[in-house]
Amino acid sequence: MWFTYPNFLRMVEVSWNAPVYGNPDFIFSFKLNRLKEAMMLWNQQVFGNVNARLKEAQLKFAVASRNSDEDPFNSAKLNEMKDDLVVVQDVHMKQHIMLKQKSRNKWLLEGSSNTSYFHSTINIRRSANTISELVAEDGSTISEPDQLRDHVVSYYEAKFNGDDFPIYEHLFDYEHNSMSEYYNL
């Protein structure tokens, strides 16, 4: 999420390249700690609480939308509403990126362990990948497991075990130019 900001890498570079003197082991750990503090401060100043910012942006958009609805011919109010909508979408995208990163982090920490989180994600994935019902050609709904199995098998048998088409021998009687010995080397 931070990489979407152009000044993030500049902040990292400034923090990392600030001079430090001493033992190389000390320098490396000191630079890491200094970078961590700089990133935490930068995060608070630039991002803040994304959820609170989203609620604030949505409230501001709702007010601008109401004002625009009261006077639909005022282009200034309409433009303000459009600008607020862009802000809502931007903050919503940042929240989405943040939540996606957190879910990956949680999976890395707890996903491969034999925890309730692991089992719940497996159950969610299994239920999402389960075919619970199908609609047949006649429009009826099939939901019984045995009927589902038979319907799927018959569908693919009909699809792949269809009639054999005749092979016409004249299709193989095609004359083509051969490569000469010179180009064949």
Student: May I ask you to test the Trp42-Val12 pair for a side-chain heavy-atom distance under 4.5 Å?
Tutor: no
Student: Using a side-chain heavy atom cutoff under 4.5 Å and only I, L, V, M, F, W and Y, what cluster partners does Val63 have?
Tutor: none
Student: Would you give me the side-chain donor-acceptor pairs under 3.5 Å for residues 131-158, sequence neighbours excluded?
Tutor:
residue : atom : partner : partner atom : Å
Asp138  : OD1  : Ser140  : N            : 3.1
Asp138  : OD1  : Ser140  : OG           : 2.8
Asp146  : OD1  : Arg149  : NH1          : 3.4
Ser154  : OG   : Asp150  : O            : 3.1
Ser154  : OG   : His151  : O            : 2.9

Student: Could you list the residues that satisfy side-chain contact (heavy atoms from CB on, under 4.5 Å) with Gln58, not counting sequence neighbours?
Tutor: Leu54, Val88
Student: ring-ring contact (aromatic ring centres under 6.0 Å, His included) with Phe73: which residues, sequence neighbours excluded?
Tutor: none
Student: Any side-chain heavy atom of Arg53 within less than 4.5 Å of one from Lys94?
Tutor: yes
Student: When you compare the side chain of Asn129 with that of Arg125, does any pair of heavy atoms fall below 4.5 Å?
Tutor: yes
Student: Only pairs under 3.5 Å count here: list side-chain donor-acceptor contacts from residues 19-41, not counting sequence neighbours, and write none if there are none.
Tutor:
residue : atom : partner : partner atom : Å
Asn23   : OD1  : Asp25   : N            : 3.3
Ser29   : OG   : Asp25   : O            : 3.4
Ser29   : OG   : Phe26   : O            : 3.1
Lys31   : NZ   : Trp16   : O            : 3.1
Asn33   : ND2  : Ser29   : O            : 3.4
Arg34   : NE   : Ser15   : O            : 3.1
Arg34   : NH2  : Ser15   : O            : 2.9
Arg34   : NH2  : Ala18   : O            : 3.0

Student: Identify each donor-acceptor pair in which a side-chain atom of residues 76-87 lies under 3.5 Å from a protein atom, sequence neighbours left out, and give them as a table.
Tutor:
residue : atom : partner : partner atom : Å
Asn79   : ND2  : Ser75   : O            : 3.3

Student: What do the steps show when you test Asn123 against Arg126 for side-chain contact (heavy atoms from CB on, under 4.5 Å), and what is the final call?
Tutor: CA-CA 5 Å; Asn123 289 335; Arg126 189 176 292 153; 3.8 Å; yes
